[in-house]
Trainee: 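Quick one: the structure is below, and I'll ask about it shortly.
Just the heavy atoms: all of them, side chains too, but no hydrogens, waters or symmetry mates, feed the values below. Throughout, a chain's letter reflects where its sequence line sits, starting with A, and its residues are numbered from 1.
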Amino acid sequence: MEVLSLSAFDLSLAAILLLMLAITSFSIGLGLEKRIVISGIRMTLQLLLIGMVLQFLFANTSFVLVFFLSICMLLIAGYEVWARQKRKLRGTAGYLVSTGSMLVSSFTVTFLALTVMVGVDPWYTPQYAIPLLGMLLGNTMTGVALASDRLTIEMYNQRGMVEQRLLLGQTWQEASGDIRRDCMRTGMIPVINSMAAAGVVNLPGMMTGQILGGSSPLDAVKYQILIMFLIAAGTGFGVLTAIWLISRRLFDERQRLVLDCLGSPKQP
Amino acid sequence: MENIDGLSLVNLSFLKNGPYSLTIEAGECIGLTGKSGVGKSQLLRAVADVIAHKGDCYLNGTSCLELSPPKWRTMVAMVPAESFWWYDTVGSHFDPKLERVDSLELLGKLGFTSDVMSWQISRLSTGERQRLALLRTLVTDPKVLLLDEPTASLDKKMVDAVEQLLADICLLRRTACLWVSHDLDQLFRVAGRVFRVEQDGLTEEAC
């Protein structure tokens with residue numbers, strides 16, 4: 001079965017739905033209409049652009065091109081994780097921490113999947129490498145961002161408690177242990193829940209796409225299982241890395257809590 | 001450093017304060033007073049090594065930098081003005097390994113009975129928290145006590161009890177004590193010498 005191609009007219013019909021939402025938002029004074037329209041346009045342009053890039057990439061399997069696109073995706077993901085935090089680690093250090101965690105959560109896991117599990121030849125075949133990496137970056141980003149955001153906020157809010165524990169002779173690991181464990185849980189619970197709900201409550205997007213594209217449901221399911229494992233593992237290790245890297249920066253070499261490396265939240 | 005039995009601050013400076021130099025012998029209590037906001041609490045925190053500082057502190061001739069931070073902070077222990085608690089009950093904040101023979105006696109002297117360990121933190125009054133925070137530090141048997149307004153939220157009877165208890169501890173355990181307070185009368189009662197903390201140093205107060 002060939003997938004039915006969508007015409008520009010079909011897409012415009014769907015866009016009208018969004019426009020109606022924007023008009024409703026305006027008429028009831030929600031104030032979201034501008035953001036709805038801009039995000040809609042942004043999404044369309046970004047996806048069209050990546051569609052053209054992929055079309056070009058699929059026609060020329062080149063390691064350099066795949067590598068270059070992957071690095072771009074990683075840098076953007078690192079920035080998104082960093083920018084979403086309320087009290088972020090200031091400067092390049094903060095950006096490097098986020099990007100480093102995304103590197104652990106997505107790059108290593110994607111590489112492992114391509115070489116060992118999928119076993120496609122060459123391993124950087126863009127039809128496999130780019131969508132896999134994209135799925136992993138997109139899905140692990142949420143967990144890593146949640147955990148990092150929570151860690152810096154909690155350390156700031158509970159600085160009195162952390163310092164009290166240091167004053168009682170606890171090491172920095174002991175003094176921040178409860179907070180760090182809480183944040184790791186915050187980062188991992190969404191992905192654990194989504195594994196529990198997969199197939200029962202929601203049909204994951206990738207699987208739906210494969211079925212629409214003509215794969216047999218069982219093949220699609222097997223890929224989806226692989227992806228879920230990878231996302232869960234990637235998120236978990238990414239969260240652990242982020243928490244470790246950030247807490248190392250929040251304590252100096254004499255195990256003092258140093259919070260001047262955190263920026264202040266923007267005033268609303 | 002020569003072998004002085006006690007705590008020495010040598011050119012200790014932090015933020016815009018200092019340098020401060022002071023020697024407290026074992027068993028001695030020194031009072032610190034000064035304007036609000038001048039940095040008395042920060043001075044104690046610098047001595048406890050929880051804020052960045054220049055200069056050095058020595059305990060019995062050993063530099064702060066030679067010891068691991070947790071080790072230093074158990075020996076040179078600060079009781080901050082506001083205490084923090086993170087578990088539900090009082091007892092879970094006390095290390096079970098540190099059950100001292102005289103801790104029951106300490107409990108009694110601070111006006112508690114042994115069932116206090118099962119009390120809920122959320123039900124403690126400010127005064128109870130302050131006394132329990134002091135107890136929590138005393139059971140670890142520090143060599144130096146850094147006390148920030150240790151009787152600020154206590155009634156007259158408990159102020160007397162705490163002053164008496166700390167005097168006994170200085171005498172019996174040979175603990176050195178640095179006591180910050182706004183109450184000059186109290187400082188002259190409990191301390192041998194009293195200094196006024198200024199931005200650029202310490203000046204001794206006459207009785």
Trainee: side-chain contact (heavy atoms from CB on, under 4.5 Å) between Glu163(A) and Arg45(B): does it pass, once the steps are laid out?
Mentor: CA-CA 10 Å; Glu163(A) 198 178 271; Arg45(B) 292 165 78 198; 2.5 Å; yes
Trainee: Given that the side chain runs from C-beta out, which part of Leu65(B) has a heavy atom under 4.5 Å from chain A: side chain, backbone, both or neither?
Mentor: both
Trainee: Please say whether more than 12 non-hydrogen atoms of neighbouring residues, nucleotides or ligands are located less than 6.0 Å from CZ in Arg159(A).
Mentor: yes
Trainee: Could you go through the side-chain contact (heavy atoms from CB on, under 4.5 Å) check for Trp86(B) and Gln158(A) one step at a time?
Mentor: CA-CA 10 Å; Trp86(B) 50 96; Gln158(A) 302 198 43; 6.0 Å; no
Trainee: Of all the heavy-atom pairs spanning Gln170(A) and Pro70(B), show the shortest one and how long it is.
Mentor: O-CG, 4.1 Å
Trainee: Give me the atom names and distance for the closest heavy-atom approach of Arg256(A) to Val50(B).
Mentor: CB-O, 3.5 Å
Trainee: Could you please spell out the steps behind the side-chain contact (heavy atoms from CB on, under 4.5 Å) verdict for Ser68(B) and Gln255(A)?
Mentor: CA-CA 9 Å; Ser68(B) 79; Gln255(A) 305 194 18; 5.9 Å; no
Trainee: If you define the side chain from C-beta out and look only at heavy atoms, does anything of Met78(B) sit under 4.5 Å from Gln164(A)?
Mentor: no
Trainee: Of all the heavy-atom pairs spanning Arg73(B) and Leu166(A), show the shortest one and how long it is.
Mentor: CD-O, 3.2 Å
Trainee: More than 12 heavy atoms of other residues, nucleotides or ligands under 6.0 Å from CD of Glu25(B): yes or no?
Mentor: no
Trainee: What part of Ala52(B) gets within 4.5 angstrom of chain A, counting heavy atoms only: side chain, backbone, both, or neither?
Mentor: both
Trainee: Would you give the length of the straight line joining atom CG of Leu167(A) to atom CG of Leu44(B), rounded to the nearest 0.5 angstrom?
Mentor: 10.0 Å
Trainee: Quick one: pull up CG in Asp49(B) and CG in Asp252(A) and give me the separation to the nearest 0.5 Å.
Mentor: 8.0 Å
Trainee: Give, as side chain, backbone, both or neither, the part of Asp178(A) having an atom under 4.5 angstrom from any heavy atom of chain B.
Mentor: side chain
Trainee: Tell me if the CZ atom of Phe112(B) is crowded by more than 12 foreign heavy atoms within 6.0 Å.
Mentor: yes
Trainee: Locate the shortest heavy-atom distance separating Arg165(A) from Tyr87(B); write the atom from each residue and the value.
Mentor: NH2-OH, 3.5 Å
Trainee: What's the spacing between Arg254(A) CZ and Trp72(B) CH2 if we round to 0.5 Å?
Mentor: 8.5 Å
Trainee: Side chain, backbone, both or neither: which part of Leu67(B) has a non-hydrogen atom closer than 4.5 Å to chain A?
Mentor: backbone
